[in-house]
Number of protein chains: 2
Amino acid sequence: MDHTIHGRPYEQTEDGPRFRPCAPHGVLARLGDKWTILVLSHLAVASGHRLRFSELKHGIEGITQRMLTLTLRNLERDGLLNRHYFPEVPPRVEYELTDMGASMLPALEGFTSWIRENWPRMEACRQTFDKARE
Amino acid sequence: MDHTIHGRPYEQTEDGPRFRPCAPHGVLARLGDKWTILVLSHLAVASGHRLRFSELKHGIEGITQRMLTLTLRNLERDGLLNRHYFPEVPPRVEYELTDMGASMLPALEGFTSWIRENWPRMEACRQTFDKARE
DNA sequence: CGGGATCCTGTCAGATACTG
DNA sequence: CAGTATCTGACAGGATCCCG
């Protein structure tokens, strides 16, 4: 039998539930990496949820070709976006959110709206905390 | 004037909006680290949103003392939980979600529910992707 | 234009040992 | 019991060069 609390798998022990590393962690780890949120933000507001490589690169301050490529590969691997390659000269490549990728946006938006509301307070907490142990 | 799209700051350029690194990324990076979600999950389901250090340590498979301490410090710094120290012998320390910490749970739950629904599909996409370029 | 291949670096997780 | 201190290897990510 598989037990879950709030959808998270755990095993019962005599001292209470013990969670194991699980899916939410893996996905949030991906979203939490340095560039993924920025890439998704751009595609979220783009017409057709679709942009070419150079538009993404120019739109994200400080990202290198390599990191953009890696970020896009990971998102493609997870099925969150599709890569469209046009063998023209010069070549053109467009990235587009999949249905699954687009379906994630409301959940992400819900979370980011919480963050926006609470961000000033978190920032204040950090400064208080840091000052208390300078 | 400060422009935002979906709450994210950006600067306008002749080629369209350019986002800058912003608060959502920082918070998600924290949540995405290896242990934070597991710590929050435990506190979320604990009575009074409150647990002592050893309960957390025992409840999270594989975490080291050091990493649990660091994870808890970061959450405390962000104002998401409080540390209660009882100078007994042996000492006892309890960690408790703050109001802000508890207010984050619904947003987190919304996100993790999306993940649970889509996780099998993401896993399938990864395997397809990996096989295609073995 | 898009991106693969290499090399290099700082950062951080993990293990271990010690302490009030 | 609940930490802190120290060391180490692994790895994320930046810089650079080249290629169809």
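Proteins get letters first, then strands, A, B, ... in listed order; numbering begins at 1 in each. Note that these values count all heavy atoms, side chains included, but never hydrogens, waters or copies made by symmetry.
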* salt bridge (charged side-chain N to carboxylate O under 4.0 Å, His left out) with B/Arg77: which residues, sequence neighbours excluded? -> A/Asp130
* To do: With sequence neighbours left out, write down each residue that passes salt bridge (charged side-chain N to carboxylate O under 4.0 Å, His left out) with B/Arg30, or none if nothing qualifies.
  => B/Asp78
* Structure fact -> Span of DNA chain C engaged by chain B, first through last nucleotide within the 4.0 Å heavy-atom cut-off, is C/dA13 to C/dG20
* **Residues in side chain to side chain contact (heavy atoms under 4.5 Å, CB included) contact with B/Thr98, at least two apart in sequence or another chain** => B/Asn82, B/Met100
* Asked: Which residues pass the side chain to side chain contact (heavy atoms under 4.5 Å, CB included) test with B/Ser54, sequence neighbours left out?
  -> B/Arg52
* Write down the atom of A/Gly79, the atom of B/Cys125, and the distance for their closest heavy-atom approach. => CA-SG, 3.7 Å
Results of side chain to side chain donor-acceptor pair (under 3.5 Å) for [X] - residues two or more places apart only:
| X | value |
| --- | --- |
| B/Ser113 | none |
| B/Ser103 | A/Trp114 |
| A/Glu94 | A/Arg50, A/Arg92 |
| B/Arg66 | none |

* Quantified as the angle between the terminal helix axes (five pairs each), what is the overall bend of the helix from C/dC1-D/dG20 to C/dG20-D/dC1 to 10 degrees? -> 50°
* **Selection residues 33-42 of chain A - residue pairs positive for salt bridge (charged side-chain N to carboxylate O under 4.0 Å, His left out), sequence neighbours left out** => none
* What string of B, S and - do you get for nucleotides 2-16 of chain D, 5' to 3', when a contact is any protein heavy atom under 4.0 Å? -> BBB-B------BBB-
